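The structure is given below, and queries will be raised subsequently.
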Amino acid sequence: MKFYKVVCKRGHCGKKRFVPITFYFEAPNAMTAMDMGRKMPGVKHSQLPLSCVEVSWEEFQAGIQVSAYAR
């Protein structure tokens, strides 16, 4: 398994507006990580994530310590 940082468009900000939200996932590949990000609550499900980058274990551990919705 690899570790990914996925940046998605968070909705509920008005028509055609969004706020980026970052999630950290452990997944076998980037496509699975992006699919997991699209299914998170508050994300615009009809649109693709903005980015998906493989990260180190240390960055993954630091990222999951804080809730994505609290950042």
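Fair warning: this is a prediction, and the values are worked out from it, not measured in the lab.
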Mind listing the closest non-hydrogen atom pair of M34 and C52 along with its distance?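 Distance-wise, the nearest heavy atoms are CG-CB, 3.6 Å.
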Does any non-hydrogen side-chain atom of C8 lie less than 4.5 Å from one of R38?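 A side-chain contact is absent here, since even the closest heavy-atom pair is not under 4.5 Å.
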Let me see the working for D35 and T32 under side chain to side chain donor-acceptor pair (under 3.5 Å), right down to the final yes or no. CA-CA 5 Å; D35 190 42; T32 305; over 6 Å; no
Rounded to the nearest 0.5 angstrom, the CE-CD distance for M36 and E26 is 8.5 Å
If you draw a 6.0 Å radius around CE in M31, do more than 12 non-hydrogen atoms from other residues or ligands fall strictly inside? no
Could you check if a side-chain atom of P28 sits within less than 4.5 angstrom of a side-chain atom of M1, using non-hydrogen atoms only? yes
For the hydrophobic clusters of this structure (ILVMFWY residues joined by side-chain heavy atoms under 4.5 Å, transitively), does one cluster hold both I21 and V7? no
Residue pair F18 / R10, side-chain heavy-atom distance below 4.5 Å: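 No, side chains not in contact.
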Give a yes or no on whether V6 and Y69 share a hydrophobic cluster (residues Ile, Leu, Val, Met, Phe, Trp, Tyr; joining criterion: side-chain heavy atoms under 4.5 Å apart). yes
Would the distance check show the side chain of K44 and the main-chain N or O of R17 forming a donor-acceptor pair, the cut-off being under 3.5 Å? yes
F3 and S56, any side-chain heavy atoms less than 4.5 Å apart: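 Result no, sub-4.5 Å side-chain heavy-atom pair not found.
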Same cluster for V43 and F25 if Ile/Leu/Val/Met/Phe/Trp/Tyr side chains link at under 4.5 Å? yes
For V55 versus K5, what's the shortest heavy-atom pair and its separation? CG1-CB, 3.8 Å
So, for Y4 and A30, which heavy atoms are closest and what is the spacing to 0.1 Å?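 Heavy-atom minimum between the residues: OH-N, 3.4 Å.
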